[in-house]
Amino acid sequence: MQLRLHPADPDAPSARRRRLTASPPLLRGGFRPFFLAGALWAVIVLLLFLCALAGQITLPSRFDPVTWHRHEMLFGYIGAVIAAFLLTAIPNWTGRLPISGAPLAALVGLWAAARGAILFSAWVSAPLAALLGTGFLLALAACCGREVLIARNRNLPMIALVLLLALADGLDHAEALGVALPAGLGYRLAIALVTTMLGLIGGRIIPSFTRNWLARQPQPGRLPGQPTRFDQLVLLLSAAAMLAWTAAPSAAATGWLLLLAGAGQLLRLCRWQGYRTLADPLVAMLHLAYLWIPTGLLLMGAAILTDRILPSAALHALTAGAMASMTLAVMTRATRGHTGRPLLADAATTAAYALILAAGILRVTAQLLPLPYMAAMQLAALAWFGAFGLFLLRYGPMLWRPRVDSKP
């Protein structure tokens, strides 16, 4: 039984509809401001990080440049994309109108305030920066959790993952403030949680989108099936492996768990028949992006068990690889779908996909290429800038303008 709201209540469907129609296009859905702000922040963070590494600037943050870069990619950029995804998916899950207008603007403002406070945390109160950063994720969980609870929807586990991400954010801040914690516990927990989210979400959308696309082909053949207990087992094994890595990142048992999880994820991906979708970049990119997850898990396991794989390269297969490419693939597809445009990848979109995949490959293999290490890093950065620059140029206008099928 759903909670019934009085029409005068600001959260009643009629009030929400009025707020939605009265809002500027940018505030008519969570994907609009958060995709736009997240992509812009992804460019700014990398640019500032590279300038700081080159000694051209000194970041006014309590975090050192490497830690700040890592923190803001995980909790800033990825946090914005998670907000965009949840605020857009929850109306589909619950049948309720999306959060829009002033409430959405307040949530975006809290995210932006957190980014600024953390960047300038050497000048302003560091505890305030921590409060704002963790507070954004708690506010997001509260907003999304309320929607799910009112509708009695089954997706509460996704809200729990956001709460755990807020905990990881708090641990990362606490370590920066000098609290005695295992080194890197916060960021490792965040990577484990985001990888788990990608596994959950990817397992829902990739087989579904693939099945829908194949069904429209002249000879659809065998279609990907619904998730089975095998998928559940792989997800549980992957979550266990990542949690083991969070707690004991150098233990041999962790390495074997990661290898098993990586093999399971690779088998899972093969069952989705991505090789048959190469004619449609919007679908094929989801498969290519997800391939980074088993690659990252296998490399991380190998890095623990042997000395032939650099731990940083293995870790970047999950971050610069899986997280960057999966989020860009979802951002482009969701923007097109939710602004009334055809689900077709134009030249700019396909080029952005190629560049983000190249950025991940260059970052992971930087120390193996016949190039100076910094030259490979700079090429990876250029590819990153190109991918997100194309997204901003091509998709920015879609995000701040009305739907193409809306009435004037």
Undergrad: Distance alone, cut at 3.5 Å: any donor-acceptor contact between the side chains of N153 and W93?
TA: no
Undergrad: Keeping to residues at least two apart or across chains, list the salt bridge (charged side-chain N to carboxylate O under 4.0 Å, His left out) pairs with something in residues 111-138.
TA: E72-R115
Undergrad: Without placing hydrogens or testing angles, list every side-chain donor-acceptor pair under 3.5 Å for residues 199-208, not counting sequence neighbours.
TA:
unit_1 : atom_1 : unit_2 : atom_2 : d
R204   : NH1    : N155   : OD1    : 2.8
R204   : NH2    : N155   : OD1    : 2.9

Undergrad: Decide yes or no for L87 and L107: does some side-chain heavy atom of the first lie under 4.5 Å from some side-chain heavy atom of the second?
TA: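 Sidechains of L107 and L87: in contact.
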Undergrad: Is it the case that the side chain of R188 and the backbone of A183 share a donor-acceptor pair, with hydrogens and angles ignored and the cut-off at 3.5 Å?
TA: yes
Undergrad: Taking C-beta and beyond as the side chain, do R333 and V283 meet within less than 4.5 Å on heavy atoms?
TA: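 Counting from C-beta outward, R333 and V283 do come under 4.5 Å.
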Undergrad: Among T335, T349, T332, find the one that has a side-chain hydrogen bond (donor to acceptor under 3.5 Å, both in side chains) with Y395.
TA: T349
Undergrad: Is there a side-chain contact between F85 and T327 (heavy atoms, below 4.5 Å)?
TA: no
Undergrad: Can a donor-acceptor pair be found, under 3.5 Å and without considering hydrogens, that links the side chain of T196 to the backbone of A239?
TA: no
Undergrad: According to the interplanar angle, ranging from 0 to 90°, do the rings of H287 and W272 count as parallel (below 30°), tilted (30 to 60°) or perpendicular (above 60°)?
TA: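 Rings of H287 and W272: perpendicular, over 60°.
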Undergrad: Is it the case that the side chain of R32 and the backbone of R401 share a donor-acceptor pair, with hydrogens and angles ignored and the cut-off at 3.5 Å?
TA: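 Yes: the side chain of R32 pairs with the backbone of R401.
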Undergrad: Of all residues at least two apart in sequence or in a different chain, which pass the side-chain contact (heavy atoms from CB on, under 4.5 Å) check with A284?
TA: T277, L278
Undergrad: Just do the side-chain contact (heavy atoms from CB on, under 4.5 Å) check on T319 and H316 with the steps written out, would you?
TA: CA-CA 5 Å; T319 54; H316 277 92; 3.6 Å; yes
Undergrad: For the residue pair H69 and F49, does the interplanar ring angle fall in the parallel (under 30°), tilted (30 to 60°) or perpendicular (over 60°) class?
TA: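 Answer is parallel, since the angle falls under 30°.
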